[in-house]
Amino acid sequence: MSVKSIGVLTAGGDAPGMNAAVRAVTRAALGSGLKVHGIHRAFEGLMQEDIFELGARDVGGILQRGGTVLQTERYPAFAELAVQQKAVAILRGRGIDALVAIGGDGTMRGALALHKLGFPVMGIPASIDNDVYGTDIAIGVDTALNTIVEAIDKLRDTASSHRNAFIVENMGRHCGHLALMAGIISGAEMILIPEQEASAEDVAAAVRSAHERGKTHAIIVVSEGASLRASALKKKLDAMELGYGFRVTILGHVQRGGSPSAWDRLIAARFGVSAVERLLKGGSGTMVGLKDGAIVAVPMEEAGSRQRAPDLEYYRMAKMLAK
Ligand code: F6P
């Protein structure tokens with residue numbers, strides 16, 4: 001069956017650049033003569049038939065906006081077969097014959113379920129965590145990193161003025177990518193990520209050594225997925241009486257917001273166009289991804305079940321540079 005009308009949704013946690021992807025999908029599809037339907041509030045909105053037609057002007061002025069104009073919702077009930085079957089019936093009933101799902105690994109699992117029921121789907125990775133398997137980078141990662149680095153630069157000003165050590169906890173769920181990259185580009189003395197064990201004693205040694213080398217401050221970046229979280233780490237370090245005052249900053253949801261960076265807008269455009277082109281060629285059950293600079297198709301089965309881990313070569317690099 002040839003595709004004449006597509007639906008587009010954003011699911012999971014919002015990520016800067018999702019709007020740029022919605023715009024790219026919509027305009028690429030309209031340009032190929034397809035009808036486009038926006039689905040509000042992800043899979044939950046789909047079940048409630050919160051669906052409306054999108055024209056080229058409807059996606060005007062959203063490129064530079066953070067968040068997602070389609071809104072998003074986490075919807076665990078979509079794991080049930082009966083719910084998935086009803087979703088397919090709703091889509092077909094609305095004359096939609098393919099779906100572009102923009103989000104993280106959970107979104108890919110939801111889309112894959114529809115593909116398994118014979119409904120054509122294409123995925124676009126968007127998650128600040130950069131944990132989606134099969135793509136070097138997801139939409140939103142670059143903007144989040146810029147936000148984190150800007151915050152750490154500011155904290156460093158205070159840290160060096162007061163001879164404090166700052167423990168900065170950032171998001172990433174079970175994946176240490178954001179913390180690792182942020183640590184390298186903000187010059188952290190120590191980085192704690194789930195993929196590489198480090199103890200409070202290791203952190204103390206790094207802080208002590210920074211002190212001995214004449215540093216007036218220390219920055220410790222902690223991924224929220226690390227076995228030792230920021231507050232627990234502070235407690236242990238305070239008890240060691242190292243001569244530094246430790247302060248904790250948990251960056252939280254500020255990392256998810258903001259206008260998408262140039263990189264995120266461009267990758268969103270590339271992913272969006274490629275997703276539509278692949279659907280038109282009869283593709284389904286895959287996610288577009290970036291591999292060594294090229295846009296590739298990744299089986300959703302892998303994108304939804306495996307987790308991308310950061311390259312630990314970067315961990316070695318971070319240690320080398322924290323001198
Ligand atoms: O997946 C994005 C993310 O921001 C994670 O880094 C974090 O663990 C989670 O979502 C927070 O989810 P919520 O916004 O539902 O609290």
Side-chain angles (χ1 to χ4, degrees), residues 9-22 40-45 66-79 101-111 123-152 167-183 186 191-195 221-233 248-261 264 267-268 271 287 289 300 303-310:
L9 59 76
T10 53
D14 65 317
M18 276 184 161
N19 285 328
V22 170
H40 259 146
R41 296 181 301 107
F43 295 107
E44 185 169 359
T68 162
V69 294
L70 291 180
Q71 300 194 299
T72 176
E73 208 65 72
R74 301 195 194 272
Y75 186 52
F78 206 72
I102 304 168
D105 54 352
T107 308
M108 298 310 139
R109 286 193 290 278
I124 295 181
S127 163
I128 65 161
D129 302 339
N130 212 26
D131 58 347
V132 185
Y133 185 84
T135 184
D136 290 343
I137 198 156
I139 294 170
V141 178
D142 185 64
T143 308
L145 268 178
N146 279 293
T147 302
I148 297 168
V149 161
E150 201 186 321
I152 296 179
I167 304 170
V168 186
E169 184 172 292
N170 62 258
M171 283 185 163
R173 208 181 284 270
H174 308 298
C175 178
H177 179 92
L178 277 185
L180 189 49
M181 299 303 138
S186 64
I191 306 169
L192 271 64
I193 53 173
E195 297 82 0
V221 176
V222 180
S223 170
E224 67 174 354
S227 52
L228 199 50
R229 300 276 300 258
S231 328
L233 177 63
V248 171
T249 301
I250 297 175
L251 294 177
H253 286 79
V254 72
Q255 297 161 92
R256 290 236 295 264
S259 179
S261 66
D264 275 327
I267 198 66
F271 282 163
M287 176 192 84
M300 261 180 187
S305 62
R306 301 176 68 173
Q307 192 188 311
R308 183 187 179 285

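Computed from a prediction, not measured in an experiment: that's the story for all the values here. When a ligand or atom number is given, it counts from 1 through the structure's own listing order. Excluded from the calculations below are hydrogen atoms, water molecules and symmetry mates; all remaining heavy atoms, backbone and side chain alike, are included.
If you check which protein heavy atom lies closest to atom 16 (O) of ligand 1, you get H253 NE2, 3.5 Å. The single protein non-hydrogen atom nearest to atom 1 (O) of ligand 1 is D129 OD2, 2.7 Å, given as residue, atom name and distance. In terms of protein heavy-atom proximity, atom 9 (C) of ligand 1 is closest to R173 NH2, 3.6 Å. Counting protein heavy atoms only, atom 12 (O) of ligand 1 is closest to R74 NH2, 3.1 Å. In terms of protein heavy-atom proximity, atom 4 (O) of ligand 1 is nearest to R256 NH1, 2.7 Å.
Taking a 4.0 Å cut-off on heavy atoms, G104 fails to register as neighbouring ligand 1.
Of all non-hydrogen atoms in V132 and M287, the two that sit nearest each other are CG1-SD, 3.6 Å. P194 and G225 get closest at one heavy-atom pair: CB-O, 3.5 Å. Closest approach of R229 and E224 over heavy atoms only: CD-O, 3.0 Å. Of all heavy-atom pairs between I167 and V222, the closest is CG2-CG2, 3.6 Å. In this structure, H177 and R308 approach most closely via the heavy-atom pair ND1-NH1, 3.7 Å.
If you check the side chains of S261 and N146, you find no donor sitting under 3.5 Å from an acceptor.
The shortest N or O to N or O distance between G13 and ligand 1 is not below 3.5 Å.
Those atoms of ligand 1 that come under 4.0 Å of a heavy atom in E224, given as number and element, are 5 (C), 6 (O), 7 (C), 8 (O).
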